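Okay, structure first, notes after.
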Amino acid sequence: MNKKTIIRTLEKIALYLELRGENPFKVSAFRKAAAALEGDERSLAEMDDVTKLKGIGKGTAAVITELVETGVSSVLVELEEQTPKGLIPLMKLPGLGGKKLAKLYNELGIDSAEALQAACEEGKVQQLAGFGAKTEEKILKELANFGTRAERLPIWQLEPVVLEIETLLQSIVEVESASVAGSFRRVKETSKDIDFIVATSAPQAVREQLLASLPVLEIVAAGDTKISVVLDKEEPVSVDFRLVTLDAYASALHHFTGSKDHNVRMRQLAKSMNQKISEYGVEQEDGSVVTFDSEEAFFAHFNLPFIPPTVRESGNELERLEELSQLASRADIQADLHMHTTWSDGAHSVAEMGEALIAQGYSYSVITDHSQYLKVANGLTPARLQKQRVEIDAFNEANGQFRLYAGTEMDILPDGSLDFSDDVLKELDFVIASIHSSFSQPQEQIMARLEAAMTNPYVHMIAHPTGRIVGERPGYDPDVKTLIEWAKAYDKILELNANPYRLDLAVEHLQYAMELGVKIAINTDAHAIDQLRFMDLGVRYSQKAWVKKELIVNTWTKEQFEAYIRRNK
DNA sequence: GCCGTTTTCGGCCCGACTGTTTTCAGTCG
């Protein structure tokens, strides 16, 4: 019995209890037990006594033991027998929770979406106590687009929307301060909606301008402090705005950045100090409310260092405070080691990219256009590579301290050979190897290709090591653990590709890379100047895996970097 | 259901919004 199955079973039990209208604290006890298991890195076999974990007691431990010994949970089986299957998906219908669904089932026998629709159309629902005509109408409306809207959207779909809204907020004079919050600010790979915190003393004016300027598909709620809309984008995007006064801004930003578990931990901490955290500030024992100029000041109030949004997840981050200073921030980044120009499939010239890199504040970077195999991307032959080098040299002569290195993003071919000979590679400053073809090969073949790159003395880095697209495709299925072990053995760099389509390596793999002390490079893979902005996203994503600054190659100085790239020459 | 240096009962993070209510329950984040 694996741990994941046990975690899922506990969560299922919680869901069923919720559907029966059970005590919410009992429901959350099962979820907490699941979270406690998930948050512990040990395997089940390594734990001698699960009840030692905080959140697991007699009841949940009995479920776990039974699962380990028999493979089934009698508690869950019984719940499943007593609850109609059709009710489960209805939990996702906005506005309906366990209590209401329990009532609909108990009093009207509603056990499916179809039955619910029929009951609403017959006007039976509005006759129930606690329900009314509006509820019935809302249920019908939600049933109409039930299942048609994506539950969570990938970060690359949300990022441009966030940029657009940020620009709009900056143009509204009544907005004193504003920031995105929620899971997007924590750089989660997918989000259910986008949250914004807006400081203003004129909420009505801000509300009017937002509603007038945004492509609103639907207004879900529009109160004095909260506006909730669905925007008309490729996929409908839910956006929440919280309007607060400037003195409550830092507290609200913290509160709505979450995560939920992080907030719970913070509130418990406050409570132990006889204080109370709300989104408006921190209430003291005497009833007065302290507010803060910044999130830094908020954390300092509890004698904590600033905890970056990206690590505010399980609550365990409060146990890892001493590691926070080892995390990288955007200001630590000296270089971007992977990008394209008009020589292959990029939108800007070498000189234009160079200027933009200097404007980013970098002290060096590498131009890495595609290699000859990738014809669709106008990949470079050895001859064109030489011509490009002349252009790069000219740029360097004209630009003093900043150094642009000549590199390549070389394809690893389907047959396991590399796209350039060693004679070509050794002339280059920096060699990236990557896979862009034959994704569906069996794992052994993919690994043989990667091994060819790993063992070549002139290759420095493997780019986007799994080829995944966030929320779209899993990639080419390498044995990532082995790949990371090779990177350690052959002293190669693995990329954290910062493009929101990729975020590759993913957090779980970065964590293993950290265990082994493998070097990581955070690169934008920019095909145009405006994509250089993804560096910030990549750096913050690295924080989620607690990647150490010293292992991030592009935080190194130019001299350190040169020492590494010349090591085999 | 879980937890405990206010410890075996009584609380469990907190507040906004909505719709249903004449003071609150349910849902959501």
Side-chain angles (χ1 to χ4, degrees), chain A residues 10 13-14 16-36 50-64 75 90-104 125-139 141-142 181-186 188 191-197 203 219-229 238-244 248 251-252 254-283 289 315:
Chain A
L10 289 168
I13 292 174
Y16 277 106
L17 291 173
E18 203 175 0
L19 259 175
R20 302 184 59 164
E22 271 279 4
N23 174 3
F25 295 110
K26 185 172 171 179
V27 174
S28 89
F30 278 93
R31 298 221 161 97
K32 275 184 193 161
V50 282
T51 58
K52 280 185 185 151
L53 284 180
K54 206 166 177 289
I56 298 183
K58 250 173 66 185
T60 46
V63 172
I64 296 169
V75 176
L90 292 181
M91 282 293 285
K92 297 212 165 119
L93 216 59
L96 286 185
K99 293 265 171 68
K100 281 193 168 156
L101 281 173
K103 190 157 200 169
L104 287 167
V125 170
Q126 59 172 299
Q127 287 162 19
L128 292 180
F131 292 76
K134 281 203 168 176
T135 309
E136 201 173 72
E137 203 179 307
K138 184 170 163 37
I139 292 173
K141 209 178 91 192
E142 295 294 350
S183 53
F184 184 89
R185 185 167 180 242
R186 302 200 311 277
K188 292 292 278 185
S191 297
K192 207 163 148 276
D193 61 7
I194 308 175
D195 296 289
F196 275 91
I197 309 301
I219 299 175
V220 181
D224 288 335
T225 63
K226 178 184 167 179
I227 303 166
S228 201
V229 293
S238 298
V239 186
D240 283 358
F241 296 90
R242 308 279 171 161
L243 309 179
V244 298
S251 284
H254 175 264
H255 175 86
F256 289 108
T257 296
S259 67
K260 204 171 182 173
D261 291 338
H262 170 82
N263 285 357
V264 168
R265 279 298 303 275
M266 288 300 295
R267 289 196 141 110
Q268 286 166 344
L269 176 65
K271 206 166 178 183
S272 72
M273 297 161 75
N274 290 318
Q275 302 184 21
K276 205 167 83 178
I277 297 176
S278 80
E279 58 249 57
Y280 298 110
V282 178
E283 191 180 317
V289 173

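Worth saying up front: this structure is predicted, and the values here are computed from it rather than measured. The sequence lines fix the lettering, A, B, ..., with proteins before strands; numbering per chain opens at 1.
The A:Lys271 side chain lies nearest to B:dG11 when the options are B:dG11, B:dG15, B:dC2. Out of B:dG1, B:dC17, B:dG11, the shortest distance to the side chain of A:Phe25 is found at B:dG1. Ranking B:dT18, B:dG1, B:dC2 by closeness to the A:Asn23 side chain, first place goes to B:dG1.
If you check every strand for non-hydrogen atoms under 4.0 Å, A:Ala181 touches nothing. A:Ile13 comes within 4.0 angstrom of no nucleic acid atom, judged by non-hydrogen atoms across all strands. Heavy atoms of A:Leu17 sit nowhere under 4.0 angstrom from any nucleic acid atom.
For the C1' atoms, the distance from B:dT8 to B:dG1 is 14 Å, rounded to whole Å. The separation of B:dG11 from B:dT22, taken at their P atoms, amounts to 27 Å, rounded to a whole angstrom. Rounded to the nearest Å, the gap between the P atom of B:dT23 and that of B:dC12 is 25 Å. With both ends at atom P, the span from B:dG15 to B:dT20 equals 25 Å, rounded to whole Å. Nucleotides B:dT21 and B:dG26 have their C1' atoms positioned 12 Å apart, rounded to a whole Å.
A straight line from CD1 of A:Ile64 to C1' of B:dG1 spans 12 Å, rounded to a whole angstrom. The interatomic distance linking A:Ile219 (CD1) with B:dT18 (P) rounds to 11 Å, in whole Å. Atom NZ of A:Lys58 and atom P of B:dC3 are 12 Å apart (whole Å).
In terms of phosphate contacts, A:Tyr280 brings a side-chain nitrogen or oxygen within less than 4.0 Å of OP1 or OP2 of B:dA16.
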Under 3.5 Å donor-acceptor pairs involving side-chain atoms of residues 258-267 of chain A, not counting sequence neighbours:
from	atom 1	to	atom 2	distance (Å)
A:Ser259	OG	A:Asp261	N	3.4
A:Ser259	OG	A:His262	N	3.2
A:Ser259	OG	A:Arg312	O	3.2
A:Ser259	OG	A:Glu313	O	2.5
A:His262	ND1	A:Glu317	OE2	2.8
A:His262	NE2	A:His254	NE2	2.9
A:Asn263	ND2	A:His255	O	2.8
A:Arg265	NH1	A:Gly315	O	3.0
A:Arg265	NH1	A:Glu319	OE1	3.2
A:Arg265	NH2	A:Glu319	OE2	3.4
A:Arg267	NE	A:Ile277	O	2.9
A:Arg267	NH2	A:Ile277	O	2.8

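Residues A:Pro24 and A:Lys99 are in side-chain contact: their nearest non-hydrogen atoms beyond the backbone lie under 4.5 Å apart. No side-chain heavy atom of A:Val282 sits less than 4.5 Å from a side-chain heavy atom of A:Val289. Residues A:Pro94 and A:Glu142 have side chains in contact (heavy-atom distance under 4.5 Å, counting atoms from C-beta outward). A 4.5 Å side-chain heavy-atom check between A:Tyr16 and A:Glu22 finds every atom pair outside the cut-off. The closest side-chain heavy-atom distance from A:Gln275 to A:Glu283 is not below 4.5 Å. Contact annotation: the side chain of A:Leu243 never approaches that of A:Lys226 to less than 4.5 Å [non-hydrogen atoms, C-beta and beyond].
Using Watson-Crick or G-U wobble geometry with both donor-acceptor distances under 3.5 Å, B:dT8 finds no partner in any strand shown.
Under a 4.0 Å N-O distance rule, the pair A:Glu136/A:Lys141 does not qualify as a salt bridge.
Summary of the strand contacts: A:Lys54 and A:Ser278 both lie near DNA chain B, and taking for each the nucleotide with the nearest heavy atom, the more 5' one is attributed to A:Lys54. Along DNA chain B, the nucleotide nearest to A:Gly57 and the one nearest to A:Thr225 differ in position, and the one closer to the 5' end is contacted by A:Gly57.
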Protein heavy-atom contacts under 4.0 Å, written 5' to 3' over nucleotides 19-29 of chain B as B (base), S (sugar-phosphate only) or - (none), form the string SSS----SSSB
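Scanning residues 26-35 of chain A for heavy-atom distances under 4.0 Å to DNA chain B yields A:Lys26, A:Ala29, A:Phe30.
Panel note: side chain A:Thr60, backbone A:Gly57; a donor-acceptor pair is recorded below 3.5 Å. Checked by atom type and distance alone, the side chain of A:Arg242 never pairs as donor or acceptor with a backbone atom of A:Thr225 at under 3.5 Å.
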